[in-house]
Number of protein chains: 2
Amino acid sequence: MVTLKQLAKELGVSISTVSKALNDSFEISEETKEKILALAKKYNYRPNNVAVNLRTRSTQTLGVIIPNIFNHFYTKILSGIEQEAKKNNYKIIISISNETLDSEREGISFFSNGSVDGILLAPSEETEKVNDYEHITDLHAKEIPFVLFDRYSDKVASDRVIINDFDSAKKTITYLTNLGKKNIVAVSLIKNLSVGRLRRKGVQEASSNVTILEFEDEKEFEEVFFQFLKTEKVDAIFALDELAGIIALNLARTLSLNIPKDVSIISFSQGILSEYSYPKLSTINQHAEEIGKKSVELILSRLKNKNKPTETKIINTALDLHQTT
Amino acid sequence: MVTLKQLAKELGVSISTVSKALNDSFEISEETKEKILALAKKYNYRPNNVAVNLRTRSTQTLGVIIPNIFNHFYTKILSGIEQEAKKNNYKIIISISNETLDSEREGISFFSNGSVDGILLAPSEETEKVNDYEHITDLHAKEIPFVLFDRYSDKVASDRVIINDFDSAKKTITYLTNLGKKNIVAVSLIKNLSVGRLRRKGVQEASSNVTILEFEDEKEFEEVFFQFLKTEKVDAIFALDELAGIIALNLARTLSLNIPKDVSIISFSQGILSEYSYPKLSTINQHAEEIGKKSVELILSRLKNKNKPTETKIINTALDLHQTT
DNA sequence: CTGAAAGCGCTAACAA
DNA sequence: TTGTTAGCGCTTTCAG
């Protein structure tokens, strides 16, 4: 890679003259600028990013830690983050925690050496389960700005971008009730996540008549819920996460239940499975890309003003009705 | 962030002594090392990555350009890349081209300023369509090592990690033929991609009796293929991409065809849609994570030896039979 | 065993 | 308008 030094030498001018010319400084004469620009172009000069970073003490890079890259919801958030970052001339470095605390700690440590200007983070399932947020609050001491998205804890004081899970769940139950549904069952595969708890609370708040079934894993869910559907009267299923929704749908079809006549299904969505399910699931759309965009906006404004009070952005959901309702 | 300078000052030693001690150099006495390490720990010292990068002229970072983050296949590759990179103490920076040439160019330019040691790249659909690879071959002039994965062109001399698409398609048709299938139709939504062409060629090579239907988009596919299934005799569908497989499956079910009795379906897979389809699709598994891992291996070995001849790694597929065959 | 000094490539204050 | 110089934080050669 060609450097300022080499350009300067070849033109017989000083390094700072070249630097200023390339940054279009008013101090440099048009004539000099031109010849410098020409040579820079000829050699396809690009300022060494690492050197610029060191000198300016900013990396124009954001670190992103996501729990699970196979979850379409996070992929969409990531896409939103990437777009908004690119728009603002920021790069993103990604670390995947795979829902484990260790990996998340590693990711944070990875980012805590000046590689990034700020961090966007959705805590892992394990982090939420063991309720240990020290590695995150430590970021305050390290003076690394960060934003929590999707998942958060009251233990961590920070900017946040979240979904109104509680309200969405509540409203959905009310919606089903108004439809005349009497035997609603809510199913969940995310009982350990903060969002899972919020959604469950929303359900409970809306009605005490709803049966709530929460499962550790898909297998348990399939076995137990299959029996449940076979023996109990159910006219509506509300899935608190997309996987639960899809599996419930498939189980109902296996039992030859008529959807939506016998039983309606509405599911929180991540986007892809429900879109190509058959029949197409009615979903609560979470505007994931919006979450990503807002997270970037929030961290950038935090970067500009480190001392402003923390902010919580709430992204609203939308009920997208399709063939299962 | 605390620096070497500050540690040195507080202990009344030189910067280089601190540096050496922290790097566990044999030149430094145990005693000195201990007190330096203790202080570093107390202040939670972390070497400034940017400075280290500048000094060592290596960033320990790989740039990854993927065409589409919503495609589970690429997500899996990304996961493989991330794991293997982490294992080797490399970071990854991600740029998403969204299947457009412009975005891809931008990504490459983004990475061409010393931010990364090497680039992993799957060319965009548009790049393949207009057949313009100059921005990629330019990397040779810039002396930035790169590896193409999944998609490639003969126009670009480089290390590659690819799938044996041709053979897989060929073998699958043979497999269906041996099953006694007489009216096989191959469907594709990826006719413009190099892998799409390779798979089609594999089909053609295996048998001239297979009807091949290629479509521009999902809508056209749904309309045309629905009519086709209604009017033509079909006892096996071979989908050259997962989306085509899922849609074909749903269309067949809409027509109440018995699967797999009336019609067998096998599809190239990306992993997630087929896994949760009902009934579960038989797929050609592409070992995406393996592609990611091998790509990292390849670029790292290239980084070690810039002058070795280019290498092409072929990842084999596996036929995973489920309920649709 | 420890320290001084150079330098990675760049920006920017200051001097000329 | 241009150049000199210092310095970002670190590694490493060389001298002591």
Side-chain angles (χ1 to χ4, degrees), chain A residues 1-37 39-40 43-61 89 91 111-117 142-144, chain B residues 1-37 39-40 43-61 89 91 111-117 142-144:
Chain A
M1 264 180 44
V2 59
T3 64
L4 287 188
K5 204 177 180 179
Q6 291 163 45
L7 296 180
K9 194 172 165 196
E10 182 156 343
L11 290 171
V13 296
S14 77
I15 293 176
S16 63
T17 300
V18 179
S19 170
K20 285 171 186 165
L22 292 173
N23 288 313
D24 202 22
S25 160
F26 63 94
E27 296 178 56
I28 306 296
S29 72
E30 280 310 317
E31 199 188 357
T32 318
K33 267 187 197 168
E34 268 169 36
K35 70 176 187 188
I36 290 176
L37 252 48
L39 194 70
Y43 287 142
N44 200 4
Y45 169 81
R46 312 223 60 211
N48 181 312
N49 199 248
V50 177
V52 174
N53 288 348
L54 180 60
R55 174 64 227 223
T56 61
R57 305 168 112 140
S58 114
T59 62
Q60 295 289 110
T61 303
N89 244 307
K91 291 181 284 297
F111 290 155
S112 301
N113 59 4
S115 317
V116 301
D117 295 345
K142 295 180 185 162
E143 294 184 57
I144 301 175
Chain B
M1 265 180 43
V2 59
T3 65
L4 286 187
K5 204 178 180 178
Q6 291 163 45
L7 295 181
K9 193 172 167 198
E10 182 156 344
L11 290 170
V13 296
S14 76
I15 293 176
S16 60
T17 299
V18 177
S19 171
K20 285 171 186 167
L22 292 173
N23 288 311
D24 202 22
S25 159
F26 64 93
E27 295 177 66
I28 307 298
S29 71
E30 281 309 317
E31 200 188 357
T32 317
K33 267 186 197 169
E34 268 169 37
K35 70 177 187 189
I36 291 176
L37 253 49
L39 194 69
Y43 287 143
N44 199 5
Y45 169 81
R46 310 224 62 209
N48 180 312
N49 198 248
V50 176
V52 173
N53 288 347
L54 180 60
R55 173 65 226 224
T56 60
R57 307 170 112 146
S58 115
T59 62
Q60 296 289 110
T61 303
N89 244 307
K91 291 180 284 297
F111 290 155
S112 300
N113 60 2
S115 316
V116 301
D117 295 345
K142 295 180 186 162
E143 294 184 57
I144 302 176

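Naming: A, B, ... by sequence-line order, numbering from 1 per chain.
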Which heavy-atom pair separates [X] from [Y] by the least distance, and what is that distance?
X: A:Ser112; Y: B:Arg46; value: O-CD, 3.8 Å
X: A:Thr17; Y: A:Ser14; value: OG1-OG, 2.9 Å
X: A:Phe111; Y: A:Val116; value: O-CG2, 3.5 Å

inquiry  = Can you list everything that forms a salt bridge (Lys or Arg N to Asp or Glu O under 4.0 Å) with B:Glu27? Sequence neighbours excluded, please.
reply    = B:Lys20

Between [N] ([atom2]) and [X] ([atom1]): distance, integer Å:
X: B:Glu27; N: D:dT11; atom1: CD; atom2: C1'; value: 11 Å
X: A:Glu30; N: D:dT2; atom1: CD; atom2: C1'; value: 15 Å
X: A:Glu34; N: D:dT2; atom1: CD; atom2: P; value: 12 Å
X: A:Ile36; N: C:dC10; atom1: CD1; atom2: P; value: 13 Å
X: B:Lys20; N: D:dA15; atom1: NZ; atom2: C1'; value: 11 Å
X: B:Phe26; N: D:dT13; atom1: CZ; atom2: C1'; value: 12 Å

message = Check the phosphate of C:dT2 against B:Thr17, side-chain N and O only, distance under 4.0 Å to OP1 or OP2. Yes or no?
response = no

ask   = Between D:dT2 and A:Ser29, is there an OP1 or OP2 to side-chain N/O distance shorter than 4.0 Å?
value = yes

remark   = d(A:Met1 CE, A:Asn44 CG) to nearest 0.5 Å is 10.0 Å

Presence of donor-acceptor pair under 3.5 Å, side chain of B:Thr32 and base of C:dT2 = no

Protein-nucleotides 7-10 of chain D N/O pairs closer than 3.5 Å?
| residue | atom | partner | partner atom | Å |
| --- | --- | --- | --- | --- |
| D:dG7 | N2 | A:Arg55 | NH1 | 2.9 |
| D:dC8 | O3' | A:Arg57 | NH2 | 3.1 |
| D:dG9 | OP1 | A:Arg57 | NH2 | 2.5 |
| D:dG9 | N2 | B:Ala51 | O | 3.4 |
| D:dC10 | OP1 | B:Tyr45 | OH | 2.5 |
| D:dC10 | OP1 | B:Asn48 | N | 3.0 |
| D:dC10 | OP2 | B:Leu4 | N | 2.6 |

message = From the set D:dG3, D:dT2, C:dG3, return the single nucleotide nearest to any side-chain atom of A:Val13.
response = D:dG3

Counterpart residues, side-chain hydrogen bond (donor to acceptor under 3.5 Å, both in side chains), relative to A:Gln6 (two or more places apart) = A:Thr3

task = Using the test side-chain contact (heavy atoms from CB on, under 4.5 Å), find all partners of A:Asn49 that sit at least two apart in sequence or belong to another chain.
result = A:Asn53, A:Lys91, B:Asn113, B:Ser115

query = Can you name the side-chain contact (heavy atoms from CB on, under 4.5 Å) partners of A:Asp24, sequence neighbours left out?
reply = A:Lys33

remark   = Double-helix bend of the helix from C:dC1-D:dG16 to C:dA16-D:dT1, axes at both ends from 5 pairs, round to 10°, gives 50°

